[in-house]
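Here's the structure we're looking at; comments come further down.
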Amino acid sequence: MSYVDDVLARVKKQNAAEPEFLQAVEEVLESLRPVIDANEEVYRKQAILERICEPDRQLKFRVPWVDDNGQVQVNTGYRVQFNNAIGPYKGGLRLHPSVYLGIIKFLGFEQIFKNSLTGLPIGGGKGGSDFDPKGKSDREVMAFCQSFMTELCKHIGADVDVPAGDIGTGAREIGFMYGQYKRITGKYEGVLTGKGLSYGGSLARTEATGYGVLYIVDEMLKCNGKDIKGKTIAISGAGNVAIYATQKAHQLGAKPVTCSDSSGWVYDPDGIDVATLKDVKEVKRARLTEYVKARPNAEYHEGRGVWTVKCDIALPCATQNELQLDDAKALVANGCFAVAEGANMPTTLEATKYLQENGILFCPGKAANAGGVATSALEMSQNSERLSWTFEEVDSKLQGIMVNIFHNLDDAAKRYGKEGDYVAGANIAGFEKVVDAMLAQGVC
Ligand code: NDP
Ligand code: 2IT
């Protein structure tokens with residue numbers, strides 16, 4: 001058996017109950033085959049793939065907190081510190097009832113390669129809890145965040161592991177966690193990113209992931225002789241990534257016409273109105289039925305279906321495996337020509353294969369949504385030098401990083417005879433830097 005097949009079999013056996021983690025590993029290892037084949041002897045002897053697929057450590061802990069009725073609630077907290085070959089562990093905290101170890105491991109694994117692609121010195125990690133912030137009072141969210149950080153603070157630090165936001169963790173949660181970290185450790189340091197502007201946050205971090213998706217799509221289209229101006233875009237999700245992807249799409253002259261949440265989706269033929277969407281989701285924290293009340297031409301549909309809308313470009317920005325084979329078929333049939341993943345692993349393996357085989361320009365999440373973590377790394381730099389940069393400075397660095405990522409993955413794909421396969425390109429380019437650092441640092 002080839003080295004890749006050996007390791008895949010081992011990972012499948014050891015992690016059989018974690019389908020999302022296996023999916024992420026399979027995608028990466030399959031596309032690394034040409035690199036591994038070219039270096040098989042060294043990599044096998046050094047057990048590079050076994051080491052990269054096994055987290056440095058996985059923390060799992062009890063998070064007890066008291067609800068508004070005086071009842072004690074218990075959630076499970078996680079932090080997976082996956083790989084710090086090129087920098088301190090870095091990655092978000094997901095708060096969602098679906099969270100279990102397999103979700104955090106898949107996200108942490110993806111983060112290794114994504115963070116490497118940014119060109120900045122950050123390793124891969126991820127954390128979170130099965131706590132659901134939806135429907136909780138601010139006091140309950142604070143109680144949870146304080147309890148979560150009471151344990152997590154023992155394992156993180158500005159030069160050790162720097163968590164940030166993800167699904168369910170926004171500015172409010174980061175603020176509560178930062179306050180608790182400071183209170184317990186006495187340290188005022190850049191231990192979290194996505195902080196508020198009054199206490200060390202970076203301008204443009206809130207917008208960065210969504211803006212970054214559009215910057216890389218713009219570059220991908222340009223390099224393929226196309227223009228984003230005037231294109232219709234279908235976007236899923238209605239959270240941080242989706243909102244700012246929508247905003248930047250408008251700014252670049254495209255027309256984003258959809259958004260969605262876990263209950264249903266909206267089609268707005270006049271183009272999604274960002275101010276209304278922000279009011280519904282960021283201020284009222286309400287369902288999308290509220291959006292259509294304010295926009296009479298818009299339609300609300302229960303359940304899934306956002307990918308049935310006719311569009312030129314599709315940007316899945318909600319969650320894993322939300323774009324499946326049937327959705328991919330509908331997109332192709334409707335003339336869509338580009339897909340970029342704002343979310344982490346939103347496209348199933350079969351759907352990705354179908355899209356690529358049908359000539360769709362497909363930009364994978366570890367490249368397309370890397371603008372968020374890249375700007376987090378810029379927040380870390382500003383914290384270290386105790387300065388803050390202007391919005392324009394951060395935004396222009398972000399643009400440069402996204403354009404650079406695209407060319408790195410384009411070049412890596414070409415070097416291995418896989419021109420236009422940006423999934424392979426992203427995995428190869430991300431892997432090369434990490435493996436170089438691992439080999440240089442010896443067996444660890
Ligand atoms: P938010 O919590 O701000 O928004 C998530 C959105 O996705 C909400 O509209 C939510 O709907 C929807 N959603 C979540 N889970 C599901 C589900 N199971 N089914 C259907 N819809 C769902 O999160 P973000 O926007 O920050 O994150 C979105 C994606 O982007 C995630 O995959 C995240 O890992 C990824 N990402 C985020 C980055 C960031 O900087 N925030 C950086 C890079 C990637 P509802 O409110 O109904 O749950
Ligand atoms: O998936 C991701 O890259 C994030 N949730 C952002 C991580 C970060 O550290 O900013």
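Please read these numbers as outputs of a predicted model, since none were measured by experiment. Just the heavy atoms: all of them, side chains too, but no hydrogens, waters or symmetry mates, feed the values below. Both counts, for ligands and for their atoms, begin at 1 and track the order of listing.
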Check your understanding: With E110, which of K126, K105, K366 fulfils salt bridge (charged side-chain N to carboxylate O under 4.0 Å, His left out)?
Key -> K366
**Study point:** Which residue and heavy atom of the protein sit nearest atom 33 (C) of ligand 1, plus the separation
**Key:** D166 OD1, 3.2 Å
Review point. Taking only heavy atoms of S260, which atoms of ligand 1 are found under 4.0 Å from at least one of them?
Key: 9 (O)
Review point. Do the side-chain N and O atoms of N75 and S129 include a donor-acceptor pair separated by under 3.5 angstrom?
Key: no
Exercise for review: Can you confirm whether something in the protein, heavy atoms only, sits under 4.0 Å from atom 10 (C) of ligand 1?
Suggested key: no
Check your understanding: Do any N/O atoms on N369 end up under 3.5 angstrom from N/O atoms on ligand 1?
Key -> no
Review point. In ligand 1, which numbered atoms sit nearer than 4.0 Å to a non-hydrogen atom of R94?
Key: 31 (C), 32 (O), 33 (C), 34 (O)
Check your understanding: Taking both backbone and side-chain atoms of T209, is any N or O found less than 3.5 Å from an N or O belonging to ligand 1?
Key -> yes
Review point. Hey, is G170 one of the residues with a heavy atom under 4.0 angstrom from ligand 1?
Key: no
Practice item. May I ask you to decide whether K353 forms a salt bridge with E30, counting only side-chain N to carboxylate O separations under 4.0 Å? Key: no
Check your understanding: Any side-chain donor paired with an acceptor under 3.5 Å for Y89 and Q111?
Key -> no
Point to revise | Element-labelled atoms of ligand 2 that are located less than 4.0 Å from some non-hydrogen atom of A164 | key: 8 (C), 9 (O), 10 (O)
Check your understanding: Does a side-chain heavy-atom distance below 4.5 Å link I233 with C311?
Key -> no
Exercise for review: Report yes or no: do D67 and Q73 form a side-chain donor-acceptor pair below 3.5 Å?
Suggested key: yes
Check your understanding: When you measure from atom 41 (N) of ligand 1 to every protein heavy atom, which one gives the shortest distance, and what is it?
Key -> N240 OD1, 3.5 Å
Check your understanding: Do T169 and R94 have side-chain N/O donor and acceptor atoms under 3.5 Å apart?
Key -> no
Check your understanding: Does the N or O separation between R205 and ligand 1 drop below 3.5 Å for any pair?
Key -> yes
Point to revise | SB check E290 R287 (cutoff 4.0 Å) | key: no
Revision key, fill the gap. The closest protein heavy-atom partner of atom 46 (O) of ligand 1 is K134 CE, 3.4 Å
Review point. So do the side chains of F144 and E173 get within less than 4.5 Å of each other, counting heavy atoms only?
Key: no
Review point. Nearest to atom 20 (C) of ligand 1, what protein heavy atom do you find, and at what distance?
Key: S262 CA, 3.6 Å
**Study point:** Exam field: side chain N83 to backbone G123, donor-acceptor pair closer than 3.5 Å
**Key:** no
Point to revise | Contact check: G372 vs ligand 1, nitrogen or oxygen atoms, below 3.5 angstrom | key: no
**Study point:** Pairwise distance CZ(R172) to CZ(R285) - rounded to 0.5 angstrom
**Key:** 3.5 Å
Review point. Looking only at heavy atoms, is any part of S98 under 4.0 Å from ligand 1, and if so is it the side chain, the backbone, or both, or is it neither?
Key: neither
Check your understanding: For ligand 1, does Q320 get within less than 4.0 Å through its side chain, its backbone, both, or neither, judged by non-hydrogen atoms?
Key -> neither
Review point. Do K248 and Y215 meet the criterion of a side-chain donor-acceptor pair at a distance under 3.5 Å?
Key: yes
Study note, to complete from the structure: When rounded to the nearest 0.5 Å, the distance separating OG1 of T258 from CD of E299 is 11.5 Å
Exercise for review: Would you mind checking which non-hydrogen protein atom is closest to atom 27 (O) of ligand 1, with the distance to 0.1 Å?
Suggested key: I167 CG1, 3.7 Å
Review point. So how far is it from N334 CG to D312 CG, rounded to the nearest 0.5 Å?
Key: 10.5 Å
Check your understanding: Do any N/O atoms on R287 end up under 3.5 angstrom from N/O atoms on ligand 1?
Key -> yes
Exercise for review: Could you tell me which atoms of ligand 1, counted from 1 in the order shown, lie closer than 4.0 angstrom to a heavy atom of G342?
Suggested key: 30 (O), 35 (C), 44 (C)
Exercise for review: Name the closest protein heavy atom to atom 10 (O) of ligand 2, giving the residue it belongs to and the distance to 0.1 Å.
Suggested key: S376 OG, 2.5 Å
Exercise for review: With heavy atoms under 4.0 Å as the rule, classify the contact between S236 and ligand 1 as side chain, backbone, both or neither.
Suggested key: neither
Check your understanding: Does the ring centre of F82 sit less than 6.0 Å away from the ring centre of F106?
Key -> no
Check your understanding: For ligand 2, is any non-hydrogen atom under 4.0 Å from N344's backbone (N, CA, C, O), its side chain (CB onward), both, or neither?
Key -> side chain
Check your understanding: If you round to the nearest 0.5 Å, how far is OG of S116 from CD1 of I86?
Key -> 4.5 Å
Exercise for review: Considering the heavy atoms of G92, write down every atom of ligand 2 situated less than 4.0 Å from one of them.
Suggested key: 7 (C)
Exercise for review: Within a distance under 4.0 Å of any heavy atom of H96, pick out the atoms of ligand 1 and give their elements.
Suggested key: 15 (N)
Review point. To the nearest 0.1 Å, how far is atom 3 (O) of ligand 2 from its closest protein heavy atom, and which atom is that?
Key: K114 NZ, 2.8 Å
Revision key, fill the gap. Between L203 and F391, the two heavy atoms sitting closest are CD1-N, 3.6 Å
Exercise for review: Would you mind running through ligand 1 and noting each atom that sits below 4.0 Å from a heavy atom of C317?
Suggested key: 28 (C), 29 (C)
**Study point:** Residue part near ligand 1, for E322, under 4.0 Å between non-hydrogen atoms
**Key:** neither
Review point. So which bit of Q111 gets within less than 4.0 Å of ligand 2, heavy atoms only: side chain, backbone, both or neither?
Key: side chain
**Study point:** Atom of F131, atom of V141 and distance for their closest heavy-atom approach
**Key:** CZ-CA, 4.3 Å
Exercise for review: Report yes if G165 has an N/O atom closer than 3.5 Å to an N/O atom of ligand 2; otherwise report no.
Suggested key: yes
Check your understanding: Polar-atom distance check: K114 versus ligand 1, any N or O pair below 3.5 Å?
Key -> no
Point to revise | Which of the ligand 2 atoms, numbered from 1, are nearer than 4.0 Å to a heavy atom of K126 | key: 1 (O), 2 (C), 4 (C), 5 (N)
Study note, to complete from the structure: Heavy atoms of P316 and V339 approach each other most closely as CD-CG1, 4.1 Å
Exercise for review: Kindly identify the option in K90, R205, E110 whose heavy atom sits closest to atom 6 (C) of ligand 2.
Suggested key: R205
Point to revise | Closest approach of any protein heavy atom to atom 35 (C) of ligand 1, naming residue and atom | key: N344 ND2, 3.7 Å
Revision key, fill the gap. CG of L355 to CD1 of I360, rounded to nearest 0.5 Å, is 5.5 Å
Study note, to complete from the structure: Of all protein heavy atoms, the one nearest atom 29 (C) of ligand 1 is A318 O, 3.2 Å
Exercise for review: Please work out which of G168, G128, G239 has its closest non-hydrogen atom nearest to atom 2 (O) of ligand 1.
Suggested key: G168
Study note, to complete from the structure: A student comparing L277, V241, T319, L95 should find that the heavy atom closest to atom 30 (O) of ligand 1 comes from V241
